[in-house]
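Excluded from the calculations below are hydrogen atoms, water molecules and symmetry mates; all remaining heavy atoms, backbone and side chain alike, are included.
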Amino acid sequence: MNAMNAALDEAKAAALRGEVPVGAVVLGPDGRILARAGNQVEADHDAAGHAEMIALRAAAKLMGSPRLVGCDLVVTLEPCPMCAAAAGLFRIRRVVFGAYDPKGGGVEHGPRIYAAPGAQHRPEVVGGVRESEAAALLKDFFAALR
């Protein structure tokens, strides 16, 4: 299964649980899915319960290391500053995301975590992968709340 497909599936499942529809997948160096998650902020009463954080932690546990060297993070929305910084700390090789987030993003928008002079790790970044599909999930979710 394509990694972005899996991330989009996680985002859709999150929306059904009443969570902001964001999904994330961590791929191992061999391209195999190590971990996948959707947002769990509301369910866990955890402001840090972002899909990326959950997937990164699960992958690190599986790999037995706090460093995910050679691994990729695939996420449906541009990571926020917290998640972008975490991906750097986990030493993710590549961050691939779908929709851009001009208000809350931390990679191509906002603080641009990897471009900061003090960034200790700068993963490759690929944005806009299946952007319209990922953005539609978010737009539909928030439209239903209004």
If we only count heavy atoms from C-beta on, is the [X] to [Y] side-chain gap below 4.5 Å?
{"X": "Phe97", "Y": "Val107", "value": "yes"}
{"X": "Leu73", "Y": "Glu52", "value": "yes"}
{"X": "His121", "Y": "Arg93", "value": "no"}
{"X": "His50", "Y": "Cys83", "value": "yes"}
{"X": "Val74", "Y": "Leu27", "value": "yes"}
{"X": "His109", "Y": "Asp101", "value": "no"}

Out of curiosity, does [Y] fall in the hydrophobic cluster containing [X] (side-chain heavy atoms, cut-off under 4.5 Å, transitive links)?
{"X": "Val125", "Y": "Ile92", "result": "yes"}
{"X": "Met53", "Y": "Val95", "result": "no"}
{"X": "Tyr100", "Y": "Leu137", "result": "no"}
{"X": "Val69", "Y": "Val26", "result": "no"}
{"X": "Val126", "Y": "Tyr114", "result": "no"}

> Quick check: are there more than 12 heavy atoms from other residues, nucleotides or ligands sitting under 6.0 Å from CZ of Arg17?
Replying inline: yes

Heavy atoms only: give me the nearest [X]-[Y] pair and the separation to one decimal.
{"X": "Pro111", "Y": "Gly105", "value": "CD-O, 3.8 Å"}
{"X": "Val25", "Y": "Ala6", "value": "CG2-CB, 3.7 Å"}
{"X": "Leu77", "Y": "Leu138", "value": "CD1-CD1, 3.7 Å"}
{"X": "Ala37", "Y": "Ala55", "value": "CB-N, 4.0 Å"}
{"X": "Cys71", "Y": "Gly28", "value": "SG-CA, 3.8 Å"}
{"X": "Ala35", "Y": "Ala59", "value": "CB-N, 3.7 Å"}

Distance check, rounded to the nearest 0.5 Å: [X] atom [atom1] versus [Y] atom [atom2]?
{"X": "Glu133", "Y": "Thr76", "atom1": "CD", "atom2": "OG1", "result": "10.0 Å"}
{"X": "Asn39", "Y": "Ile54", "atom1": "CG", "atom2": "CD1", "result": "7.0 Å"}
{"X": "Leu89", "Y": "Leu56", "atom1": "CG", "atom2": "CG", "result": "10.0 Å"}
{"X": "Glu19", "Y": "Glu42", "atom1": "CD", "atom2": "CD", "result": "5.5 Å"}
{"X": "Asp140", "Y": "Leu145", "atom1": "CG", "atom2": "CG", "result": "11.0 Å"}
{"X": "Arg91", "Y": "Ser65", "atom1": "CZ", "atom2": "OG", "result": "10.5 Å"}

> Can Val41 and Val20 be said to form a side chain to side chain contact (heavy atoms under 4.5 Å, CB included), step by step?
Replying inline: CA-CA 8 Å; Val41 172; Val20 173; over 6 Å; no

>> Could you check whether any side-chain N or O of Asp46 sits under 3.5 Å from a backbone N or O of Ala48, counting only pairs where one atom can act as donor and the other as acceptor?
In response: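 Confirmed, Asp46 side chain pairs with Ala48 backbone.
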
